[in-house]
Every structure is written in structure tokens, then in C-alpha cells.
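Reading through the C-alpha cells given below for one structure.
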Amino acid sequence: MSESIREILARPSAGGGVTIRGWLRTARHSKEVSFLEVSDGSCFSGIQVVAGPECHGFEETVRALGTGCAVEASGELVESPGSGQSFEIRASSVALVGGVGEDYPLQKKRHSLEFLRTVAHLRPRTNTLGAVLRVRNATARAIHDFFQQRGFIQIHSPIITLSDSEGAGDLFRVSTLDVENPPRDEEGRVDFRQDFFAAPAFLTVSGQLEAEIAALALSKVYTFGPTFRAEDSNTSRHLAEFWMVEPELAFCDLDGLGELAEAFLKQVFQRVREACPDDLEFFNKRIDDTVLATIAHVIEQPFERLRYSEAIEILEKCDRQFEFPVRWGLDLQSEHERFLSEEYFRRPVVVTHYPKAIKAFYMYLNDDEETVGALDVLVPKVGEIIGGSQREHRLEVLRRRIAELGLEEDRYWWYLDLRRHGSVPHAGFGLGFERLVQFMTGMANIRDVIPFPRVPGNAEF
RNA sequence: UCCCCGGUAGCUCAGCUGGUAGAGCAGGCGGCUGUUAACCGCCGGGUCGUAGGUUCAAGUCCUACCCGGGGAGCCA
């Protein structure tokens, strides 16, 4: 494999022959010389190829090149006399590998992100999406590194599931039945006993329950995989298909979970800042000029920790008028979360001990019998980025909670069984991977931090 | 799903109180001895989101629908 532009630009000094392959960002032609800016996606920067009449292919090829053309160029790596780059390639030959039509939609000029979504097959070639995909990659790697270094074992939780988990969101059905003419049972209802899995099946909304199973054997585990929600929600923070990171720890309580969440975010931010400095510089310059300061802040400042009750007090006492009411027992709204993290504390905030009525059945019931061991991490701009809890590991308490909420115990038989055999305190959280990338890059719309977004009414590409 | 805003050239937009569509960039051609989203000149390019309606006349006003954006709900 040939040397990437990233590797060439990282050379200690000029000199020597190089060959690069990539796509033209722009071509500047004057009478005796052409400047080609070539990118291969290996790093934010492209490399400048300078071709004159002595270059093989100058008249036939180089003069006709424009934005988008795929080329192969060979020559000598030299120090650039122009400002704007340290090295450039003095070309001895340039060959066209793949030309572009007159209707090639990408210009060297800035495009709107909305337009780029309509050409998702070409948008990775833009500065912005290229940077997003490199940061996304670095973030995924940093996540694996964090857990692997600490002895967490990755669990591959299933994509197809029969249970609807915590009942979170609407589910995508998985079926091989003929939708035009499904088999019916005696009462005329669709007979899923004849379906592929002999039961109604769905795409997973979370790997949590499976992670709990694994944690109660391997102690420290995590999942990192796609999840699916069929909610008709159309916002800049929601996708129908997104990736979720879910660590789960045995012998861990809520405090331990909060420490893990903070160490996790700090290290991931640190690693991505080390891996993608040019990309982050670009986001800070062109997308959101607070990105670098925010990243530094997350790495350096301790997170604020407070209980739900304290959060309510702060919100009640402040002189801000909120659209939605603030009262103990009501869930925090987006505006409340943003006020706390963006304005009041100006840093990530860890809120714990929520009222049991607004949280899921599996969360640990505190001694006050009113609150549960829930934990949310709120960050500026994005809002809730992590949601987690200490799990209820006491069989009788869990059965009571299931009954209180009117859930069917039968459907959770194996989840309950885990509490009958070797049950221990355990805790875990879920992190929306795209929201993390949004936070890192400052991208306003979640559809622009995933290469192929799935949203209501649109799954093209 | 709800509320608000928008849809005009390939892209980004302008088009006033209704009078029959324009700029920059992109594209094509030509010029320019080192450019940095290069620059200069010329040229081509539009059923103004769709369907109805009002009017002598609709890009402009009205209605419905479609698509996009922002916010909210739900959540990650």
C-alpha cells in the first residue's frame, strides 16, 4: 500500500520521491503552472501538487483537471516556497484515474449541510464530513481503548430480540411473514407462531439486559452496537438507527458509576484531541467556535455532582422564567437541563437520585422509597448524553416494582431469575455515540455525524 | 406527533405595496510565470416545490398537500 498524504506530511523533512492517489479539491491553472490540491481523506489537510510543462501529462491531463477528479501523481517532495503549506509535490507525472461529469455537485465553495445530505454518496469528500468521519473513528477507538485498558470485556449483544426491554420507544418489527396476507390464528389475529422466530420479534432498543447477564459472570463488560427506535421524532438529536455504548459493572454502586462516567468522558475527549487536532481546529473555526474550549473544559474541570432534589431547588430559586413548570416529582425538561449545564454550572453535570415515578422499573430503590439510583450526565448544547443507574438486584423489591407499574412478570422471567441466583449490586449506563460525536465536533444536527442517517421518511443511501 | 419558518439556475441567495426573473459561485471557452475557496474576459443555463383558486395580470395574494429547517414532546 502506498504512503498516505497523512504519512507524507508527517515526514521530518522534504526530499525523496512520492506517489499519491486521491481526489482533487480544487485546481488552479495559470499559463505555465497548475496547482492541484489533492486529498485522500487520511487527514484534514490535502497536499499541493505543482505541475509545469516538464510534468508528464501536463498538456493532455493536468490542464483539464477540475474539482472531484481522481488522480495519481508522482514527483519529488519539496519545501513549498508559497505560504499555506510546508511541503508540496513537484510533479513529474500526473495521471487521471477517474474524471467527473459537468454535473459533479460538489464545489470548492461551502455547501449547506442540508444539501450535502441529499448527496450522501459524495459528501464524505467534503472537509466537514471527512473531519466528522475521522473524529467518529477516533472516538470509537478511544472508547474501546478506555474499556479494554480497564479489563472490560466487550459483549456482542443481539440485534434481533423478542423482548421490548424497558419499553423504551416504539420498535421496528422483524418478520418474514407475508405482510399482504399474514397467517391468522383462531381469533383472526396475525399468528406470529408461524413467523421466523415463532414469536413477535423486533430490532433491539438497548443491549442493557444482555449486558447485565454478562456482567453477572464477567464482572466488567460493555456493549457497543447499533440500536433502533421507531419513534416518529424529528429533531436534531434523534436517529431511528444509532450506536450506543453500554458498560455494566458488577459489585458497583451509583457513586462508582458516576466516577466511571466522568473518567470515561475525560479520557475519550483527551484521546480524540490527541488523534485529530486538525479536524477539531476546523470545527472550532468553521462550525462552532466553542468546541476547543469545551473539550479542554471537560478534560480539566471536575464534573458537577448533585441530586435531583438539589437541581429542583436551583431551578426554583433562579430568576429564569421556564416554559415548563419546575416541581419535585416532575421530570427535568430540555430547557432545565440546558440551563444547569450551559448557564448555571457551565460544565458537565451529573444528576442522581431521581423520583422513582419518572424512571424505569429496574432502577435501584433507595431507602427513602421515593427515589431511585438513577444517574444522568448533562452537557452543554446536547443535553443528556449519558443515562444510567444502579440496577435493582433484590428479587423481592424488583418484583414489587414490576407489579406497581403493572408490568407482566412472565416477560421478565430470566431477568428475575438473575436475582434468584448469585445476585450482586451492579450498575451501568448508556451513552449515545452520535451525541458524543456531536458534542466533540459542535455539529448542530445529528444527521451530519453519521454517514448514513436513518430518520422518519428517509433511509436513502 | 405538535408549533413556527422556508422551498426561485447545479449550489448560495436577491426579487418592495401583484405588471411576466437577477447576482455570486459552479460549468464551457479564452487569458494570465507560484497560486492558496487564485484572478480577468466572454458564453450557456429557470414549467419560481406540487395541485387548485382570486385577478386583466401571480415568484409575489388565498387553500390543500409534499419536502426541508428550527423548537417542543419522547429519549440516547
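In what follows, chains are A, B, ... by sequence order, proteins preceding strands, each numbered from 1. Only a predicted model underlies this, so the values are computations on that prediction, with no experimental measurement involved.
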field: Pairing of A:R273 and A:D279 as salt bridge, 4.0 angstrom limit
entry: no
query: Does a side-chain N-to-carboxylate-O contact under 4.0 Å join A:R21 and A:D40?
result: no
query: Taking the six-membered ring for Trp, are A:F269 and A:F439 ring centroids under 6.0 Å apart?
result: yes
message: For the aromatic rings, using the six-membered ring if either is Trp, is the centroid distance between A:F361 and A:Y412 under 6.0 Å?
response: yes
Can you tell me, in whole Å, how much space there is between the [atom1] of [N] and that of [M]?
N	M	atom1	answer
B:C43	B:A9	C1'	15 Å
B:C39	B:G34	C1'	13 Å
B:U17	B:G53	C1'	22 Å
B:G41	B:C48	P	31 Å
B:G30	B:G22	P	28 Å

Within the 4.0 Å heavy-atom criterion, would you say [X] contacts the bases, only the backbone, or no part of the nucleic acid?
X	answer
A:H238	base
A:S236	sugar-phosphate
A:G82	base
A:N234	base
A:R110	base
A:S80	base
A:F324	sugar-phosphate
A:E37	nothing
A:D103	nothing
A:E434	nothing
A:R286	nothing
A:S233	base
A:P81	base
A:F35	base

Strictly by Watson-Crick or wobble contacts shorter than 3.5 Å, is anything paired with [N], and which nucleotide is it?
N	answer
B:A14	none
B:A51	B:U63
B:G27	B:C43

task: Round to a whole Å and report the spacing from CG of A:L24 to P of B:U36.
output: 16 Å
field: Rounded interatomic separation in angstrom, taking NZ from A:K31 and C1' from B:C40
entry: 15 Å
- request: Please work out whether the ring planes of A:F264 and A:F147 are parallel, tilted or perpendicular, with thresholds of 30° and 60°.
  value: parallel
Contact under 4.0 Å: A:R28 side-chain N or O vs B:A38 OP1/OP2: yes
query: So, is A:K108 close to the B:C25 phosphate, meaning a side-chain N or O under 4.0 Å from OP1 or OP2?
result: no
Ignoring hydrogens and angles, write down the donor-acceptor pairs under 3.5 Å from the side chains of residues 319-328 of chain A, residues two or more places apart or on other chains.
from	atom 1	to	atom 2	distance (Å)
A:R320	NH2	A:E343	OE1	2.4
A:R320	NH2	A:E343	OE2	3.3
A:W328	NE1	A:S309	OG	3.1

message: Regarding B:U12, can its base be found pairing with the side chain of A:Q107 as donor and acceptor, where the two atoms are less than 3.5 Å apart?
response: no
task: Classify the side chain of A:E88 versus the base of B:G34 as yes if they form a donor-acceptor pair under 3.5 Å and no if they do not.
output: yes
Six-ring centre of A:F146, A:R150 cation under 6.0 angstrom, axis tolerance 45°: yes
task: Could you say whether A:R63 or A:L239 is positioned toward the 5' end of RNA chain B, judged by the nucleotide with the nearest heavy atom to each?
output: A:R63
